[in-house]
Amino acid sequence: QTFQHYFIQINLSMRMEAEESSPENDEETVKLADQIEKSLNDEETVRLAEEIEKSLNELARILEGIVELDHTVKTTYLAVDSREFRRVDEQLTQFLLQLDTVESHGVEEVRQYRKDVVLKAQGVGRILDHIRENRYPPIQPYTAQPERPVSKRRGR
């Protein structure tokens, strides 16, 4: 869903609120909705919406790659001196560099999404650092299974 659709939804909801509200608020709400509608046709707003959408798509692409790396480091035995370890490490570095180039355009949702992707990348980096320091991957925490109650036999 593009940001233009988002603005249109806001416009429609504001018009619906205006119809339900008092006459004084009705005029102000309709004016504001008209301003939003005009801004949809404004080239600057359209360009900004396209840039924001581009940033979100880039973040989604980077996140997909980081998730694949996360899966690799959690399911593959990686020796520090192996070609696969170096590939994963280099790819993670590339993703972090790409994240630095993604603009948030002042939009909090884009900024938060970027932050979440960075945190995911840092998690993969911590696993790689652990392998680098200890020469083996971190052990997944053992989760004990609850003991099954011993059934009492009847009749004996």
Side-chain angles (χ1 to χ4, degrees), residues 1-134 137-141 143:
Q1 185 173 357
T2 66
F3 275 87
Q4 276 189 309
H5 291 108
Y6 177 71
F7 288 130
I8 290 169
Q9 287 176 342
I10 291 173
N11 186 324
L12 290 174
S13 66
M14 291 178 77
R15 288 186 184 278
M16 289 172 53
E17 286 177 21
E19 291 172 5
E20 296 172 1
S21 66
S22 65
E24 305 99 39
N25 294 336
D26 187 34
E27 265 183 55
E28 291 176 30
T29 307
V30 170
K31 281 182 186 178
L32 188 57
D34 286 339
Q35 287 175 349
I36 291 173
E37 191 171 335
K38 286 177 187 174
S39 72
L40 284 175
N41 298 324
D42 180 29
E43 288 179 29
E44 174 109 9
T45 304
V46 171
R47 186 194 58 75
L48 180 61
E50 289 170 352
E51 290 294 319
I52 291 169
E53 191 170 3
K54 183 179 171 185
S55 291
L56 290 171
N57 289 337
E58 181 68 7
L59 288 171
R61 184 192 65 76
I62 294 169
L63 177 61
E64 186 177 317
I66 292 171
V67 167
E68 286 178 21
L69 294 180
D70 185 56
H71 178 73
T72 300
V73 298
K74 289 180 177 175
T75 60
T76 307
Y77 179 80
L78 295 174
V80 176
D81 55 351
S82 71
R83 182 179 293 168
E84 183 67 5
F85 182 89
R86 286 191 304 276
R87 183 195 69 79
V88 170
D89 193 37
E90 288 172 14
Q91 188 66 51
L92 182 63
T93 302
Q94 289 301 313
F95 285 136
L96 287 168
L97 291 172
Q98 290 170 15
L99 280 169
D100 285 342
T101 65
V102 176
E103 289 288 326
S104 67
H105 306 284
V107 177
E108 182 59 33
E109 289 81 5
V110 177
R111 189 176 294 120
Q112 185 61 47
Y113 188 21
R114 184 181 175 280
K115 184 178 179 180
D116 293 343
V117 175
V118 167
L119 290 173
K120 183 70 171 175
Q122 288 173 341
V124 174
R126 278 192 294 278
I127 294 172
L128 292 175
D129 289 343
H130 187 278
I131 294 170
R132 203 176 278 115
E133 292 169 8
N134 302 299
I139 298 171
Q140 297 297 323
T143 55

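As a basis for the values below, the full set of heavy atoms in this structure was taken, side chains included, without hydrogen atoms, waters or symmetry mates.
For the pair Thr76 and Val88, the minimum side-chain heavy-atom distance is 4.5 Å or more. Using a 4.5 Å heavy-atom threshold, the side chains of Lys115 and Arg111 count as separate. Contact of the Gln122 side chain with the Arg126 side chain is registered, since non-hydrogen atoms from C-beta on lie closer than 4.5 Å.
Heavy atoms from other residues, nucleotides or ligands lying under 6.0 Å from CD of Glu84 number more than 12. The 12-atom threshold is exceeded at NE2 of His105, counting heavy atoms of other residues, nucleotides or ligands nearer than 6.0 Å.
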Kindly indicate, with the supporting measurements, whether the criterion salt bridge (Lys or Arg N to Asp or Glu O under 4.0 Å) is fulfilled by Glu58 and Arg61.
CA-CA 5 Å; Glu58 181 68 7; Arg61 184 192 65 76; 2.7 Å; yes
Apply salt bridge (Lys or Arg N to Asp or Glu O under 4.0 Å) to the pair Arg132 and Asp129, showing each step before the final yes or no.
CA-CA 5 Å; Arg132 203 176 278 115; Asp129 289 343; 2.7 Å; yes
Steps toward side chain to side chain contact (heavy atoms under 4.5 Å, CB included) verdict (Leu63, Tyr113)
CA-CA 10 Å; Leu63 177 61; Tyr113 188 21; 4.0 Å; yes
So Gln91 and Glu68, side chain to side chain contact (heavy atoms under 4.5 Å, CB included) or not? Walk me through it.
CA-CA 11 Å; Gln91 188 66 51; Glu68 286 178 21; over 6 Å; no
Start with the C-alpha gap between Phe95 and Val124, add the side-chain angles, then the distance that decides, and say whether side chain to side chain contact (heavy atoms under 4.5 Å, CB included) holds.
CA-CA 11 Å; Phe95 285 136; Val124 174; over 6 Å; no
Side chain to side chain contact (heavy atoms under 4.5 Å, CB included), that's the test. Do Ile62 and Val102 meet it? Break it down for me.
CA-CA 10 Å; Ile62 294 169; Val102 176; 4.2 Å; yes
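With hydrogens and angles disregarded, a donor-acceptor distance shorter than 3.5 Å links the side chain of Ser55 to the backbone of Glu103. Listed for the Asp89 side chain is no donor-acceptor partner under 3.5 Å among the backbone atoms of Phe85. At least one donor-acceptor pair closer than 3.5 Å links the side chain of Thr75 to the backbone N or O of His71. Between the side chain of Arg114 and the backbone N or O of Leu59 there is no donor-acceptor pair closer than 3.5 Å.
Gln112 and Asp116 share a donor-acceptor pair across their side chains, judged by distance under 3.5 Å alone.
In this structure, CD in Glu90 is found 11.0 Å from CG in Leu92, a value given to the nearest 0.5 Å. Of the inter-residue distances, the one linking Gln94 atom CD with Leu69 atom CG reads 11.5 Å to the nearest 0.5 angstrom. Taken to the nearest 0.5 Å, the CG atom of Leu97 stands 9.0 Å off from the CG atom of Leu99.
Between Leu56 and Val110, the shortest heavy-atom distance links the atoms CD2-CG2, 3.8 Å.
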